[in-house]
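Both counts, for ligands and for their atoms, begin at 1 and track the order of listing.
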Amino acid sequence: MKISIIGSGINGLFSAYYLQKQGHKVTVIDQSDGSDSCSHGNAGMIVPSHIIPLAAPGMIAKGLRWMLSSTSPFYIRPRLSGRLLKWGWLFYKNATAAHVEKSIPILRDISLLSKTLYQDFQREQYFDFGWHERGLLMLYQTPAMAHEEAEGAAIANKAGIEAHVLSQKEVQNLEPNTKVNVLGGVLYSGDAHLNPNLLIANLKKYLHTEGVEFLSKTEVLNFRVENQRVKSVVIQGGELELDEVVVAVGAWSGVLTEKLGLSLPLQGGKGYSMMFEGLGEKVNVPAIMLEARATATPMGNHLRCAGTMEIAGIDLSVNMNRVKGIVQGVNSFYPELYVKMPQPETVWRGLRPCSPDGLPYIGRVSHLKNVTIATGHGMMGLSLGPATGKLVSEIVEKAPLSMRIESLSPMRF
Ligand SMILES: Cc1cc2nc3c(=O)[nH]c(=O)nc-3n(C[C@H](O)[C@H](O)[C@H](O)COP(=O)(O)OP(=O)(O)OC[C@H]3O[C@@H](n4cnc5c(N)ncnc54)[C@H](O)[C@@H]3O)c2cc1C
């Protein structure tokens, strides 16, 4: 079949990987030059530990508190937008214990599937992507956060995800090269990390040599639909005919899928990252600094620090106050790193595609026979990329699915 994949982020590329392997003629289309999507500058963490969706009890109260400070890690820009109001209402409705309980096995299973696939790539050595299995540290400085994290660790252990509550000394023992200023932490020993820039660049190179075609700087503007099938995608100056189409356009998916008659609640969650040269050897285990909601990931000679969730539409501007919040967080948790404020032009920003219930959208559009959606992965898109690509290829092939995905349907709202 002739398959068009819209979006060359992690989900588009892994969909291309598995579909090409099935012998299809695959074209990946992206409006940008493909060098800077959300999939490039993220924190690089592969997180089977993240089994609790963003929509969870307590998140709304926490979010409202955070919104009062200009350096805080979370912000919703107030806007008169029907899409934002709908998204907010659905988030509110889903932030329940019952939703968390239902989501845990789904997030666990898709995450573990994805990690296994990454391990296969690592073994096969088709391309380098800076893979390391050192776990993930959730670090905290306050008794309130210690309590919350101990509860999270208990839930994870119950779900079969290994979590160890560590004292301050035990955390420090894991980090012999720099001081860690914490009350304690939780080590999720099954998590991993990689270098996303390397992964995307090398995966694209590999796909190219395998015959996948790339159309960059080509925005998909619309779709031509006949008899419940998308016949072609409309681009500037023409159309591209196809048998199947996969929509994997990240934070832009809500807008683009409207043209397919689909209402896909989705908001861009802007985050920032920066690379600090010479600090890659200082931090051994990737970490989330919980009170600061900032992350630290060693990538070769560099330490990548990331954070912030700003629900602000499709807006890629850099707010240096939020960046300051990340820098302050890093210096508070790792006081010997003496991280400096970066220049604005060196700060990377990306838009996480956030669904209102914290679960991705993977599946068919019910009123069209040849459209598959792969988006809405929020904070976990890098982690879930290989599993998403595999599931997409199974959906298109009408093959048995690697896991049940009813709860991930793009038709669920
Ligand atoms: C600061 C930060 C840290 C993060 N850390 C992690 C982490 O540690 N681990 C993890 O698992 N996840 C992490 N994430 C989340 C992860 O990066 C995203 O979930 C993931 O990259 C989304 O990938 P995607 O392929 O769905 O979308 P994208 O990477 O955004 O790709 C979508 C592509 O679609 C293209 N496009 C849009 N509209 C059109 C159109 N009309 N026509 C053609 N092309 C179009 C865009 O140009 C873009 O290239 C982080 C995100 C941020 C911001």
Min heavy-atom dist [X] to ligand 1 below 4.0 Å:
| X | answer |
| --- | --- |
| S273 | no |
| T218 | yes |
| P353 | yes |

Please write down residue, atom name and distance for the protein heavy atom closest to [atom].
| atom | result |
| --- | --- |
| atom 13 (C) of ligand 1 | M379 O, 3.3 Å |
| atom 5 (N) of ligand 1 | A43 N, 3.0 Å |
| atom 51 (C) of ligand 1 | R352 CG, 3.5 Å |
| atom 44 (N) of ligand 1 | Q31 N, 3.0 Å |
| atom 26 (O) of ligand 1 | N11 ND2, 2.9 Å |
| atom 49 (O) of ligand 1 | D30 OD2, 2.7 Å |
| atom 27 (O) of ligand 1 | G250 CA, 3.4 Å |
| atom 21 (O) of ligand 1 | S39 OG, 2.9 Å |

> Heavy atoms only: which of G378, S8, S111, G376 is nearest to atom 19 (O) of ligand 1?
Replying inline: G378
>> Looking at non-hydrogen atoms alone, which of V233, I10, N42 comes nearest to atom 4 (C) of ligand 1?
In response: N42
> How far apart are the C-alpha atoms of M45 and T297, what are their side-chain angles, what is the distance that settles it, and do they pass the side-chain contact (heavy atoms from CB on, under 4.5 Å) test?
Replying inline: CA-CA 8 Å; M45 295 170 173; T297 315; 3.5 Å; yes
Just heavy atoms, cut-off under 4.0 Å: does [X] contact ligand 1 by side chain, backbone, both, or neither?
| X | result |
| --- | --- |
| I6 | side chain |
| H40 | neither |
| C38 | both |

Closer than 4.0 Å to some heavy atom of [X] - which atoms of ligand 1 meet that?
| X | answer |
| --- | --- |
| M45 | 7 (C), 8 (O), 9 (N), 10 (C), 11 (O) |
| G9 | 25 (O), 29 (O), 31 (O) |
| W252 | 37 (C), 38 (N) |
| Y272 | 1 (C) |
| G7 | 33 (C), 34 (O) |
| G44 | 7 (C), 8 (O) |
| G271 | 1 (C), 53 (C) |
| M380 | 10 (C), 11 (O), 12 (N) |

> If you draw a 6.0 Å radius around NZ in K21, do more than 12 non-hydrogen atoms from other residues or ligands fall strictly inside?
Replying inline: yes
Can you confirm, on distance only, whether ligand 1 has an N/O atom lying under 3.5 Å from any N/O atom belonging to [X]?
| X | answer |
| --- | --- |
| L382 | yes |
| S383 | yes |
| G381 | yes |

How about [X] and [Y]: does a side-chain donor come under 3.5 Å of a side-chain acceptor?
| X | Y | result |
| --- | --- | --- |
| D357 | H99 | no |
| Y272 | E310 | yes |
| H50 | S383 | no |

>> Would K340 and F276 count as a side-chain contact (heavy atoms from CB on, under 4.5 Å) here? Give the steps.
In response: CA-CA 9 Å; K340 295 203 176 54; F276 295 105; 5.7 Å; no
> Taking only residues at least two apart or on different chains, which pairs with a member in residues 153-162 satisfy side chain to side chain donor-acceptor pair (under 3.5 Å)?
Replying inline: E162-H164, E162-S189
>> Using 30° and 60° as the class boundaries, would you call the ring planes of F127 and Y206 parallel, tilted or perpendicular?
In response: tilted
>> Classify the ring geometry of F121 against F14: parallel below 30°, tilted from 30° to 60°, perpendicular beyond 60°.
In response: tilted
>> Please report the interatomic distance CE(M145) to CE(M138), rounded to the nearest 0.5 Å.
In response: 9.5 Å
> Roughly how far, to the nearest 0.5 Å, is the CZ atom of R293 from the CE atom of M309?
Replying inline: 9.5 Å
> Between E241 and R224, does at least one N-O distance fall below 4.0 Å, as a salt bridge requires?
Replying inline: yes
> Should E244 and R364 count as an ion pair when the cut-off is N to O under 4.0 Å?
Replying inline: yes
>> Using every non-hydrogen atom in the two residues, find where F91 and L54 come nearest and quote the distance to one decimal.
In response: CZ-O, 3.5 Å
>> Show me the pairs that pass salt bridge (charged side-chain N to carboxylate O under 4.0 Å, His left out) and involve residues 31-43, at least two apart or across chains.
In response: D36-R349
